[in-house]
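Here is the structure we will look at.
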There are 2 protein chains.
Amino acid sequence: MRETLFHQQLQFTRSFKKKLNEKLSTVGLFHSQWLLIYCMKKQQPVTLVEISNYLDVEKPTISRTVKRLEEQGLIEEVPSLDKREKRMHLTRKGEESYEEAQRIVTHFETGLMKEISDQDIETTLRTIQSLREKLYEEEIN
Amino acid sequence: MRETLFHQQLQFTRSFKKKLNEKLSTVGLFHSQWLLIYCMKKQQPVTLVEISNYLDVEKPTISRTVKRLEEQGLIEEVPSLDKREKRMHLTRKGEESYEEAQRIVTHFETGLMKEISDQDIETTLRTIQSLREKLYEEEIN
DNA sequence: CGAAAATAGTTACCTAGATAACTATATACC
DNA sequence: GGTATATAGTTATCTAGGTAACTATTTTCG
């Protein structure tokens, strides 16, 4: 198995998403749909561009996932003064899904981190953040 | 921005893959295709199942990417005793692509890690590996 | 030996990322 | 006020991940 940090990261996130998708299937959600719902819970109503910036995912991807969540009746549009934008918020059903999913995600994540020292978590978080910054600087060049 | 370790991980790998895809486009490769070529360089000839196990990616995904690399003339089949399996190895052109891509990837990765202490890299690597193990144990339950 | 089980790979069909090119609306500015 | 530019979102099309169900071989074992 390749020992590189980056390789390990990629492998980890693949497995992580796969596992979380399994867990979330009990609520009928996929991992990425959960992220959108999480976003909306935090800031309602929210536009697609705001979600796109927050999650750092391109607009067409957000657009597609939003459409699916709308079809599932989890989110709905809210009238806006700016006719270009599509402001969305969670429906009653969406709020319920949020609560259920939140519990699942929290349980899953805390389970994973158990037995890893706060010190190590902190170092890892800091390292990844500085790698992200580094990537962002690359962006500019 | 959400502060969770896992959220940061996902964001990082997304940006990382995006950026690496850009860099690799000069060689006409995508990040995932590079991983397959890397795999083959390390062990030739190799079967799809071996690649699947090594990269921890499901067979249909490997199957599809292999088909594309074959079409590009970077890899080719090698006769095997077991008629079920498809043993592949790099063509001359594939070897050349490997060399070019290897340079690009190494340059990109070392650039990112520069300025991060060996200590932090080491802790991060160890932490991610134990998170992966944890995920794997979950698999069993 | 012959039938059952395991293994290798493929096909069909989902979700989720990306880019490029488009429409519609809003803003800037001469 | 009218035109140019910027912004919000969508559509089309690509790669890449996943599962389920299939075919074709090989192995196992009674």
Side-chain angles (χ1 to χ4, degrees), chain A residues 10-25 27-37 39 45-72 75 77-88 139, chain B residues 10-25 27-37 39 45-72 75 77-88 139:
Chain A
L10 297 179
Q11 303 286 73
F12 170 73
T13 55
R14 235 199 330 267
S15 305
F16 178 85
K17 282 197 277 186
K18 194 170 165 181
K19 201 74 201 169
L20 192 48
N21 274 336
E22 270 176 47
K23 305 265 181 190
L24 285 173
S25 69
V27 205
L29 283 179
F30 286 91
H31 164 258
S32 299
Q33 299 174 342
W34 153 249
L35 282 182
L36 249 78
I37 286 181
C39 234
V46 71
T47 67
L48 303 213
V49 164
E50 285 164 356
I51 300 174
S52 172
N53 291 334
Y54 179 81
L55 294 180
D56 192 23
V57 166
E58 301 297 327
K59 288 187 300 176
T61 304
I62 302 294
S63 183
R64 192 212 288 136
T65 304
V66 158
K67 199 166 82 185
R68 282 172 192 153
L69 291 173
E70 260 182 298
E71 283 162 2
Q72 286 179 258
I75 65 181
E77 204 167 346
V78 153
S80 164
L81 287 175
D82 188 332
K83 282 186 215 153
R84 289 171 305 177
E85 43 176 52
K86 194 171 179 179
R87 292 208 100 89
M88 313 288 304
E139 216 79 5
Chain B
L10 297 177
Q11 302 286 70
F12 171 74
T13 55
R14 234 198 335 263
S15 306
F16 179 84
K17 282 198 275 187
K18 193 170 165 182
K19 201 74 200 169
L20 192 48
N21 275 336
E22 268 176 48
K23 305 264 183 191
L24 284 173
S25 69
V27 205
L29 283 179
F30 284 93
H31 164 259
S32 300
Q33 300 175 340
W34 154 248
L35 282 182
L36 250 79
I37 286 182
C39 235
V46 71
T47 69
L48 302 215
V49 163
E50 285 164 356
I51 300 174
S52 173
N53 291 334
Y54 179 82
L55 294 180
D56 191 26
V57 166
E58 300 298 327
K59 288 188 299 175
T61 304
I62 302 294
S63 183
R64 191 211 290 137
T65 305
V66 157
K67 199 166 81 184
R68 281 173 191 154
L69 291 173
E70 261 182 299
E71 284 163 1
Q72 288 180 257
I75 66 181
E77 204 167 346
V78 154
S80 164
L81 286 174
D82 188 331
K83 282 187 215 151
R84 288 171 305 178
E85 45 176 46
K86 194 171 177 178
R87 292 208 100 88
M88 312 288 303
E139 217 80 2

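Chain letters run A, B, ... following the sequence lines, proteins first, then strands; residues in each count from 1. Only heavy atoms go into these numbers, but all of them, side chains included; no hydrogens, no water, no symmetry mates.
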[X]: what forms a side chain to side chain donor-acceptor pair (under 3.5 Å) with it, not counting sequence neighbours?
X	value
A:K86	A:E70
A:R64	none
A:S80	A:E85
A:E77	none

May I have the distance from [X] (atom [atom1]) to [N] (atom [atom2]), rounded to whole angstrom?
X	N	atom1	atom2	value
B:L10	D:dG17	CG	C1'	14 Å
B:L20	D:dA16	CG	C1'	14 Å
B:D56	D:dG18	CG	C1'	12 Å
A:E70	D:dG9	CD	P	12 Å
B:K19	C:dA18	NZ	P	13 Å
B:E85	C:dT10	CD	P	12 Å
A:E50	D:dA8	CD	C1'	11 Å
A:N21	C:dG17	CG	P	10 Å

Looking at side-chain heavy atoms only, is the closest gap between B:L10 and A:F16 below 4.5 Å?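 Counting from C-beta outward, B:L10 and A:F16 do come under 4.5 Å.
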Quick one: closest heavy-atom pair of B:L55 and A:R14, and the distance? O-NH2, 2.8 Å
Of B:N53, B:I51, B:V49, B:L48, which is the lone residue that meets side-chain contact (heavy atoms from CB on, under 4.5 Å) with B:K59? B:V49
Going by an N to O cut-off under 4.0 Å, is there a salt bridge joining B:R87 and B:E50? yes
Is B:E71 salt-bridged to B:R68, going by a charged N under 4.0 Å from an acidic O? no
When every nucleotide of nucleotides 22-27 of chain C is labelled 5' to 3' by its protein contacts under 4.0 Å (heavy atoms), B for base, S for sugar-phosphate only, - for none, what sequence of letters results? --BBS-
With respect to the phosphate group of D:dA16, does any side-chain polar atom (N or O) of B:T61 fall under 4.0 Å of OP1 or OP2?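 Looking at the OP1 and OP2 atoms of D:dA16, neither is under 4.0 Å from any side-chain N or O of B:T61.
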Is there a side-chain polar atom (N or O) of B:K86 under 4.0 Å from OP1 or OP2 of C:dT10? yes
For D:dG18, does the base pair up with any side-chain atom of A:K18 as donor and acceptor (N or O, under 3.5 Å, distance only)? no
Among D:dA8, D:dT10, C:dA18, which is the nearest nucleotide to the side chain of A:L48?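 Of the candidates, D:dT10 comes closest.
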Just the table, please: protein N/O against nucleotides 12-15 of chain D N/O, every pair under 3.5 Å.
from, atom 1, to, atom 2, distance (Å)
D:dT15, OP2, B:R68, NH2, 3.4

Which sits closer to the 5' end of DNA chain D, A:R87 or B:V57, going by the nucleotide each is nearest to?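 Result of the comparison: A:R87.
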